[in-house]
Amino acid sequence: MSVAEHAPRAIIDQAARRRTRIVGAILILIAAFIVMVLGDAPGQATFRLSRPRDAWVLPNLVVPAQPFIYIAAALTAFLGVRQFLRGGGRWTTLSLGLGLGLAVLAFLVWATAENAFSLTGMLQATMVRAVPIALGGLAALMCERVAVVNIAVEGMLLAGAFTGALMGSVIGGWGGLLSAVVIGGLFGFILAALVVTYRMDQIIAGVVINLFVLGLTSFVSSQVFAEMRHLNNAPVFPALKIPILGDIPVIGPMLFQQNIFVYGALIMVAVSTYYLFHTRNGLRARAVGEHPRAADTLGIDVYWTRYVHVTIGGMIAGFGGAWFTLGSVGRFDENMTGGRGFIGLAAMIFGRWHPVGALMAALVFGFTDSLQQKLALLNTPIPSEFLAMAPYIATIIVVAGLIGRARAPAADGKPYVKE
Amino acid sequence: MSVNDTLDAAKERLLQRAAPGRAQFEDLVIVPLFAVAVALMLGALIMLATGIDLPTIGRSFVALLAGSVGSLGALSETLVAAVPLVLAALGLALGFRTGLFNIGAEGQILMGGLAAVIFGFTFDGLPFAILMPLSLLAGMLVGAFYAGIAGWLRAATGAHEVISTIMLNLISYRLLDYMLRLDWVQREGRSDPISRSVPEAAELPRLLEWLDPNLRVHAGVFVMLAAVFVVHWLLFRAKLGFEFRASGASPDAARYAGIRAGLIIVLAMATAGALAGLAGANQVLGVLGRASPGFSAGIGFDAIAVALLGRSHPVGVLFAGLLFGALEAGGRQMQVDAGVSIDLIGIIQALIIVFIAAPLLVRALFPWGFRAASKGNAE
């Protein structure tokens, strides 16, 4: 009763207290950073909310820079001090999020001081850049919910991008998209076969698929595409504006004037949330991820469930991969996914193994990504390399601050041997 | 299970311990041989599928062999390619044994290599016997520090090392680009990001230069062999290594036995980072002579495959690294002689690992290569 039961609780409490203090220290550091680095901002920052040809035009948002930055710093410092004085509890994560958000806002105002900046344009870019990350995260999530760790998301995205470019050039955009989904599903099936039937280590299987796809696509693109350029010239899906909804200021361009990949990602997030948490099959899938032995005992076919979900995950990644070619440039380049699959994995963890969470996390990454692109235009004195690092540093801070509240499916990563 | 079965199983185990004959032989020799052979055949099929004719395929395999072990120069190239792979993979293997999946070797190589270059040209003028070892040490320390960040985050906050090392990799690319443009790092009179050269006293000496100035094999080979011995000793003979392995095998049991889990995680990551940093230092002090953007050239990722292929055992890692080094060197020859892109090597490497990491798959494909009984009790 006594020691054995109390010891783990004491450890958890200690960890929670330590996290509270760490988050408090981070917040105070952020506040100091805001004052010291961003403190000197003359004039006003102008944010354009509408573009000239929009149906409904909003006036520009004008912010006096210096006062805004000091208020943001004071609020962040207050949140940090509060962590030390009152203990965090459920405020810890929220405070960290608020603090980071305030820092980003202060930074934006500082960078835009005496200048003007299109907020709508940036939000639109945010959504676009979030798509492959969200789809990668969703693909990994479908696999992890049935306890298969999918490091291979990166390779599946790359395979989708490659297939999209090749088949898109040969049989047109829709055919290319369909082929990308099929090839993504094929690699999902291969992953399932390796880890479920042949019981290969899941991380190794993922690394191998990544290596294989990178090798194969690079080989074909340097061997074949270099000579036959017409095979690597796919049509790009245009943006479709949804009537009325597309005219709403700020939100309209962000959500309703995009191409099918954005709509597809949003629909898939909604459908998978409904499927996983509100249907019988979804419940069974999660049971396989939490306790496969119990699921098996109750008559759920664990192997079949894993095969199906990992294959679906592969198809989602294939669709996400097609974004790189059919949704943006129409041409395949070696290793063009550039680690988006891994960032998708981070987004899934950050989003606590929930589709909506993964989408939100992907939006955060997309935001920092597009922020960096826009700031390069504003001529800030900070070296561009440091701006490019910001999303990754933010990820580390967030993952370090969030953890303990995020929990992976219990059987995650473990092979299941039927008796 | 009847008494007889139990006795049989016990007898089998005793026999295996007395004579580690057939089953281990299959595992250590036949499976890798099959893996390499099948991977090469599938590589040929892929070449056929992309419209390469049979004579060219034949030529490319000849070039692959000639370029890896066919001559003294080829052997030298194989060793040059193998040294950083083995060093970085040793660190990763040590991490795997501790239950840490460190994807960050790439970033640790970049940071370690950059540190070695900077240390080298900053203390230009020191004698070789001091400068060269200290430059290597600088690389190790910075690599250890960089990996230690991920270890500390894991120990202090529970942030998963896969995510944090991936992020640290991405950060290291940007940091390297930035550092290479700083006044005191960038080479005089250059506008592109490239560092000053390493002074001769910091370079790892070439071993066979007296024979032929084109032989690039350098003293890093000895560093590699020494590292294999040290890691073997650390893992299997030292108390710290035992604690690493205990934490990897069962974190809970290790904690109840009084092993300080947090400290072990930080130390294991730092040791892995030191080895990756050493790999980077070897690369810049032995081969490149300077640092430029992305000079690690994917070694850190290939090293993951090497560590897996070597089954996270120092000696296995050495052989796996030599095999991958041979494929790398042979692949370059293949590109020159037969005009087949070196990317094919990546495919072959991936296939080899599939077949080695999934022995059940190899046994299913080639049932006649194995004892019938071994099917049942395979991993």
Side-chain angles (χ1 to χ4, degrees), chain A residues 11 15 18-19 22-23 149 151 193-195 197-201 203-205 207-224 226 334 338-339 342-343 345-346 349-350 383-389 391-404 406 408, chain B residues 46-47 49-52 96 101 103 149-150 153-154 156-160 162-164 166-179 181 255 298 301-302 304-305 308-309 339-354 356-362 364 378-379:
Chain A
I11 290 171
R18 194 166 52 193
R19 203 178 73 233
I22 290 174
V23 169
V149 174
I151 294 270
L194 288 177
V195 303
T197 305
Y198 295 111
R199 294 205 288 281
M200 192 166 157
D201 184 283
I203 304 271
I204 301 182
V207 169
V208 159
I209 290 181
N210 288 341
L211 266 179
F212 180 77
V213 173
L214 179 62
L216 189 64
T217 53
S218 305
F219 178 70
V220 176
S221 82
S222 60
Q223 206 76 30
V224 179
E334 283 182 29
F342 292 125
I343 298 180
L345 271 175
I349 294 176
F350 185 0
S384 65
E385 288 91 355
F386 283 98
L387 292 177
M389 271 182 225
Y392 312 129
I393 295 175
T395 309
I396 291 182
I397 293 176
V398 166
V399 172
L402 256 184
I403 227 71
Chain B
I46 288 170
M47 285 198 266
T50 51
I52 298 171
F96 294 157
F101 200 76
I103 305 196
I149 297 174
L153 284 170
R154 169 72 191 270
T157 69
H160 201 282
V162 169
I163 301 300
S164 52
I166 289 170
M167 295 301 145
L168 286 171
N169 279 347
L170 294 166
I171 290 171
S172 73
Y173 301 147
R174 273 54 174 205
L175 198 58
L176 179 68
D177 284 356
Y178 172 72
M179 297 281 287
R181 284 186 192 279
R255 209 175 52 241
F301 296 116
D302 290 344
I304 299 174
L308 295 175
L309 185 56
V340 173
S341 164
I342 194 168
D343 296 317
L344 184 73
I345 297 302
I347 304 176
I348 291 176
Q349 287 173 342
L351 289 171
I352 291 176
I353 304 167
V354 175
I356 288 190
L360 285 181
L361 184 62
V362 179
E379 290 155 66

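Letters go in sequence order (proteins before strands), and every chain restarts at 1.
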For A:Phe212, the ring pair (Phe, Tyr, Trp, His ring centres under 6.0 Å) test, sequence neighbours excluded, returns none

The reported gap from CG in A:Leu214 to CG in B:Asp343 (rounded to nearest 0.5 angstrom) is 7.5 Å

If one checks every heavy atom of A:Ile209 against chain B at 4.5 Å, the contacting part turns out to be neither

Cut-off 4.5 Å, heavy atoms of chain B, and the answer for A:Ser221 is neither

Pair count under 4.5 Å, heavy atoms only, with chain B: among A:Ala346, A:Ala205, A:Ala226, highest is A:Ala346

Across all chains, not counting sequence neighbours, the ring pair (Phe, Tyr, Trp, His ring centres under 6.0 Å) partners of B:Phe301 are none

Of all heavy-atom pairs linking A:Met389 and B:Ile171, the shortest is SD-CG2, 3.6 Å

Exactly one of B:Ile342, B:Thr50, B:Ile345 clears side-chain contact (heavy atoms from CB on, under 4.5 Å) with A:Phe219, and that residue is B:Thr50

So, the part of A:Ser222 with a heavy atom under 4.5 Å from chain B: the answer is side chain

Looking only at B:Leu170, B:Val340, B:Ile353, the option with the highest number of non-hydrogen pairs under 4.5 Å against chain A is B:Leu170

Here the pair of heavy atoms bringing A:Leu216 nearest to B:Ile46 is CD1-CG2, 3.8 Å

The interface call for B:Asn169 against chain A, heavy-atom contacts under 4.5 Å, is neither

Please report the C-alpha distance between B:Met167 and A:Ile393 in whole Å, then the side-chain angles of each, then the deciding distance to 0.1 Å, and finally whether the side-chain contact (heavy atoms from CB on, under 4.5 Å) criterion is met. CA-CA 7 Å; B:Met167 295 301 145; A:Ile393 295 175; over 6 Å; no

Turns out that what part of B:Leu344 lies under 4.5 Å from chain A's heavy atoms comes down to both

### Sub-4.5 Å side-chain heavy-atom contact between B:Ile103 and A:Val207
no

The interface call for B:Leu175 against chain A, heavy-atom contacts under 4.5 Å, is both

Tightest non-hydrogen contact, residues A:Gln223 and B:Ser341, listed as OE1-N, 3.0 Å

So, the part of A:Leu194 with a heavy atom under 4.5 Å from chain B: the answer is side chain

Whatever's closer than 4.5 Å to a heavy atom in chain A on B:Phe101 counts as side chain

Is there side-chain contact between B:Asp302 and A:Leu211, with heavy atoms separated by less than 4.5 Å? yes

